[in-house]
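Take a look at the structure below.
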There are 2 protein chains.
Amino acid sequence: MADVAAHVGVSRQLVSLVLADKPGPNPRTRERVLRGAEDLGYRADTAAQLLRRARSRQLGVLFTMEHQLETHIVEALYPAAAEAGYELVLGALLPTRSERRAIDDLIGLRCEALILIGLAEQAPAHLAKVAEQVPVVEIAQYTGATGTDSVRTDDAAGVRAAVDHLVDLGHSDIVHVDGGELPGAAHRREGYLAAMRTNGITERAEVLSGDYTVESGVTAARTLLERDRLPTAVVAANDLCACGVVETLVRAGVRTPDDVSVAGYDDSRTASLPYLDLTTVHQDTGRMAEIAVRCAVERLDEGRTHDRVDVLEPALTIRSSTAPPTPER
Amino acid sequence: MADVAAHVGVSRQLVSLVLADKPGPNPRTRERVLRGAEDLGYRADTAAQLLRRARSRQLGVLFTMEHQLETHIVEALYPAAAEAGYELVLGALLPTRSERRAIDDLIGLRCEALILIGLAEQAPAHLAKVAEQVPVVEIAQYTGATGTDSVRTDDAAGVRAAVDHLVDLGHSDIVHVDGGELPGAAHRREGYLAAMRTNGITERAEVLSGDYTVESGVTAARTLLERDRLPTAVVAANDLCACGVVETLVRAGVRTPDDVSVAGYDDSRTASLPYLDLTTVHQDTGRMAEIAVRCAVERLDEGRTHDRVDVLEPALTIRSSTAPPTPER
DNA sequence: ACCTGGGATTAGCACGTGCCAATCCCGTGT
DNA sequence: ACACGGGATTGGCACGTGCTAATCCCAGGT
């Protein structure tokens, strides 16, 4: 910046004012400074800005790179943050890199708040401790740690909607392949059981264990295929699992939805593949991202101190993987 | 840091020495300082370190979040960078965020070099200009921009290996579904054509257009299904495309590999799904990551100035999606 | 001629750290 | 008793920027 100032023949401070687009500098001078900066290929030094500025206006985002849904959320976070006048700093959670390390890095970079996309296997154990230092917002996860906000979809309601949809179509033999102990899986399982109860078919309820992977869907489907009779419908804990179920059934000569209806969860890209075309539960990632940023902003700029928990209503996306059961031949 | 110093009762500078693990401080003092830092929950301020240090020892990584392969490469970059004593800073390339912006952000954060994972549709137009300022390494892409290093797999050789494998099995009706104008697609197409020529079956060569997506595999398979006779084997430009081909064929009652053998490319998670179990071409992401970091280090620490282009040999991973053709019934 | 006022510009400090040089302290040898 | 040496510790400056307050300059009114 000093170089630019010398090149134009003004003080460094004037250059600072011009580049920050602050009122004061004479339009003509402003023009000259901008030209000079361009000529010299000047780039602001973020490190120095960060050091000097009272506020960094940066939000840290912690995510794994494993799930498509996380990617969508990250993408949605960018415009939401920009809208609120914040930048995003990404921090990847990897097997080889401890969550602790990732969090420290982001805080070291002066992030004012952390947004944690909670699809990783374990939530940071010391979340409450971190929340003492900076606001923490969890997306798609609710650990209940104090000082933490949470935005998620009502997973129980989503699965209930899927089950209700199947019941409306005439199904009653509906099996659930769950997500084990992974985030959200408990809610989805409860939603399934609740819906089965409400529809008066509790005795038909059955939960097969899974883990949100295609492989777990394959395993579950194989278990079903070993039986004398297949259920007429399967509600999987997520789209990947549903995919595994469908593919395994198809290869065993069982057609979807003709023989068995299958529903997924998340409305990911997998769900909309033409040959799967899964009925699934849509999570509004855009809105989750907006609310997450809003939570951070409320704590940072508006002094909110109490915890906020937002639970969004999911929407059932009906596609062609579910249909009325065909009478047994 | 000053707080820690006051708390322990030593000078700030001593704290700096201890935390940087430099020789000098007395072991006992060192212990006390570390305890003090722990008590106060001290975290180094990266911004200040960056500002002060001559070197930032940070590498910027540009990637989209669209392809699994990119994720694998990013994961592999972390240990490679750590090995060389560098940190990674992630910069996401998104539709809503210009490459220009992403690059400026990373340079503003004082990244000493940029590693560009080249699966995005377009390479930054001003790459040569950027390379004047900081070393640039491209992974899985070769734009030929001056001042730029490139690490990629010999895609032509990979596809040749796949075709040769199929020919060895007895195939000659081998169709290629390509990746259009996307990065690497041209090489893969050429590899296919070259292998067909070498094996003396040029007249059987046929290229269907695609774009590395599952959908393009579906489209290609539908095109094939409309014909009187199917080819006996399909070599897809990547695993996703292969997946689309297989799924579409299966649903049309065509089995893999019994009726048609299908080979993919990338050895992604898709390829190893139990019901696909694709024969595919393995790219050594770990090694590409290591070399990419090495390229940056050579330019940064060892003064290399000439461009370096590394082409790795791929390895054919043979699974169950390819088999000898069954004589026509 | 002098004061006033306000737009334009500048000087100086501060942010938290790393590096260099200077200083302190204590045991040892003469 | 004094100089010496080396490990341990400290002071001061610099990095590039933003903010506050001060200064400059010039036109206009008295």
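Just so we're on the same page: letters track the sequence lines, and every chain starts at 1.
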Inset, instruction - Would you mind classifying the nucleic acid contact of A/Gln13 as base, sugar-phosphate or nothing, using non-hydrogen atoms under 4.0 angstrom? - result: base

Legend entry - Beyond-backbone contact of B/Glu38 with B/Leu34, side-chain heavy atoms, under 4.5 angstrom: no

Inset, instruction - Before giving the answer on side chain to side chain donor-acceptor pair (under 3.5 Å), spell out for A/Asp266 and A/Tyr212 the whole-Å C-alpha distance, their side-chain angles and the decisive distance to 0.1 Å. - result: CA-CA 11 Å; A/Asp266 282 347; A/Tyr212 287 150; over 6 Å; no

Legend entry - From C/dT10, C/dA8, D/dA8, nucleotide with atom closest to A/Leu14 side chain: C/dT10

Legend entry - Carboxylate-amine/guanidinium proximity below 4.0 Å for B/Asp307 and B/Arg299: yes

Inset, instruction - Before accepting this row, confirm whether a basic side-chain N of the pair A/Arg101/B/Glu87 lies closer than 4.0 Å to the acidic partner's carboxylate O. - result: yes

Inset, instruction - Ignoring the backbone of B/Ala48, work out which of C/dT9, C/dT17, C/dG18 is nearest its side chain. - result: C/dT17

Legend entry - Phosphate OP1/OP2 of C/dG18: any B/Lys22 side-chain N/O under 4.0 Å: no

Inset, instruction - Nearest whole angstrom, please: distance from the C1' of C/dC15 to the CG of B/Asp3. - result: 13 Å

Inset, instruction - Can you spot which of A/Arg294, A/Arg308, A/Arg304 makes a side chain to side chain donor-acceptor pair (under 3.5 Å) with A/Asp149? - result: A/Arg304

Legend entry - Donor-acceptor pair present, A/Arg12 side chain and D/dG18 base, under 3.5 Å: yes

Legend entry - Which residue lies more 5' along DNA chain D, comparing B/Arg32 with B/Arg52 via nearest heavy atoms: B/Arg32

Legend entry - Distance test, side-chain N/O of A/Ser11 to OP1/OP2 of C/dT9, below 4.0 Å: no

Legend entry - Separation of C/dG16 P from B/Arg53 CZ (nearest whole Å): 17 Å

Inset, instruction - Look at the side-chain N and O atoms of A/Thr29 and state whether any lies under 4.0 Å from the OP1 or OP2 oxygen of C/dA8. - result: no

Inset, instruction - Please state how far atom CD in B/Glu31 lies from atom P in D/dA8, giving the value in whole angstrom units. - result: 15 Å

Inset, instruction - Round to a whole Å and report the spacing from CZ of B/Arg55 to P of D/dC15. - result: 18 Å

Legend entry - Gap between atoms CG and C1', on B/Leu17 and C/dT17 respectively (whole Å): 12 Å

Legend entry - Whole-Å gap separating C1' (D/dC15) and CG (A/Leu51): 9 Å

Legend entry - N/O (side chain, B/Ser16) to phosphate O (OP1/OP2, C/dG18) under 4.0 Å: yes

Legend entry - Distance in angstrom units between A/Leu19 CG and D/dG16 C1', rounded: 13 Å

Legend entry - Spacing of B/Asn26 atom CG relative to C/dG27 atom P, expressed in whole Å: 13 Å

